[in-house]
Amino acid sequence: QVQLVESGGGSVQAGGSLRLSCAASGYTVSRYCVGWFRQAPGKEREVVAIIDSAGSTSYADSVKGRFTISQDNAKNTLYLQMNSLKPEDTAMYYCAADRRSTAAWWLLRYGGASDFRFWGPGTQVTVSP
């Protein structure tokens, strides 16, 4: 049974940093397409960053250059390093996974939340001005 659990959220001031973690069990992270999504109140869930099963990454334009997605295969854990945080980054952040071979760039451009079957409960990130 695939399970995902996020941690590392919190409250920071604009310009600060946070590192989110997503501990995975029931599957091997390196064999799955994994990603981070976020959802702000009153808005749809949006993709933040994706690593595909080949290890390629892709980022939403709004976070490119500030956020870095990575995974530690030995720990079966996914990370999202978030630097230069802005108030508009405030949202609930979710990690997601699915066993698919779709390229990260394609999922970012044409796919979305519906392409991922497995989800964590989320961790809140709040950025104050």
Side-chain angles (χ1 to χ4, degrees):
Q1 182 179 357
V2 175
Q3 289 189 326
L4 303 169
V5 180
E6 304 93 338
S7 61
S11 298
V12 295
Q13 290 189 325
S17 298
L18 283 173
R19 188 177 81 155
L20 305 184
S21 299
C22 175
S25 61
Y27 77 100
T28 302
V29 170
S30 62
R31 298 178 182 176
Y32 273 55
C33 183
V34 292
W36 288 96
F37 290 74
R38 66 186 181 187
Q39 187 167 18
K43 294 188 177 181
E44 291 188 357
R45 191 168 298 190
E46 62 176 0
V47 61
V48 175
I50 294 173
I51 296 180
D52 62 30
S53 57
S56 297
T57 60
S58 192
Y59 297 88
D61 287 343
S62 59
V63 306
K64 201 171 293 183
R66 300 188 298 123
F67 291 11
T68 303
I69 188 172
S70 63
Q71 60 189 29
D72 185 328
N73 295 335
K75 295 182 179 180
N76 223 35
T77 300
L78 180 69
Y79 301 100
L80 185 68
Q81 178 66 44
M82 305 186 296
N83 299 328
S84 303
L85 282 161
K86 304 175 181 180
E88 50 264 45
D89 294 319
T90 295
M92 184 72 79
Y93 283 71
Y94 301 89
C95 65
D98 204 301
R99 190 177 178 89
R100 57 172 60 243
S101 58
T102 314
W105 70 266
W106 192 96
L107 284 169
L108 192 87
R109 185 170 182 178
Y110 299 112
S114 61
D115 291 298
F116 292 81
R117 287 176 292 167
F118 307 109
W119 291 84
T123 187
Q124 178 67 38
V125 171
T126 302
V127 185
S128 57

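Just so you know, these numbers use all the heavy atoms, side chains as well, and skip hydrogens, waters and symmetry mates. Just so you know, residue 1 is the first one in the sequence shown, and it goes up from there. This one's a predicted model, so the numbers in the text were calculated from it and none came from an experiment.
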Side chains of Leu107 and Arg100 in contact at under 4.5 Å (non-hydrogen atoms):
yes
Are Lys86 and Asp89 close enough for a salt bridge, meaning some N to O gap below 4.0 Å?
no
Shortest non-hydrogen contact from Leu18 toward Leu85:
N-CD1, 3.9 Å
Nearest heavy-atom neighbours spanning Leu20 and Gly9:
CD2-N, 3.6 Å
Ala97 versus Tyr27, closest heavy-atom pair with distance
CB-OH, 3.4 Å
Quick check for you: to the nearest 0.5 Å, what is the distance between Tyr79 atom OH and Asp72 atom CG?
5.0 Å
Using every non-hydrogen atom in the two residues, find where Val34 and Ile69 come nearest and quote the distance to one decimal.
O-CD1, 4.2 Å
Atom SG of Cys95 and atom CG of Leu78: how far apart are they, to the nearest 0.5 Å?
6.0 Å
Hey, does the side chain of Thr57 reach the backbone of Ile51 with a donor-acceptor pair shorter than 3.5 angstrom?
no
Looking at Glu88, I want to see if its CD is surrounded by more than 12 non-hydrogen atoms of other residues, nucleotides or ligands under 6.0 Å.
yes
Going by side-chain hydrogen bond (donor to acceptor under 3.5 Å, both in side chains), name the pairs with one or both residues in residues 1-24, residues two or more places apart or in two chains.
Ser17-Asn83
In one Ile/Leu/Val/Met/Phe/Trp/Tyr side-chain cluster, 4.5 Å: Val48, Leu108:
no
So if you build clusters from Ile, Leu, Val, Met, Phe, Trp, Tyr with side-chain heavy-atom gaps below 4.5 Å, do Val12 and Val125 land together?
yes
With rounding to the nearest 0.5 angstrom, report the OG to CH2 distance, Ser58 to Trp105.
9.5 Å
Residue among Tyr94, Tyr93, Trp119 satisfying ring-ring contact (aromatic ring centres under 6.0 Å, His included) with Phe37:
Trp119
Heavy-atom side-chain contact between Leu80 and Arg38 under 4.5 Å
no
Look at the side chain of Asp52 and the backbone N and O of Ala104, then say whether any donor-acceptor pair between them is shorter than 3.5 Å.
yes
What one should report as the nearest heavy-atom pair of Asp98 and Asp115 is OD2-O, 3.4 Å
Not counting sequence neighbours, which residues clear ring-ring contact (aromatic ring centres under 6.0 Å, His included) with Trp106? List them please.
Tyr110
Between atom SG of Cys33 and atom CD1 of Ile50, what is the distance when rounded to the nearest 0.5 Å?
5.5 Å
If you take all heavy atoms of Gly122 and Met92, which pair is closest and at what distance?
C-SD, 3.7 Å
How long is the span from the CZ atom in Arg117 to the OH atom in Tyr32, to the nearest 0.5 Å?
6.5 Å
Quick check on the hydrophobic clustering: are Val47 and Val63 connected, directly or via other members, by side-chain heavy-atom contacts under 4.5 Å?
no
Membership question, hydrophobic clusters at under 4.5 Å side-chain separation (ILVMFWY): are Val127 and Tyr59 in the same one?
yes
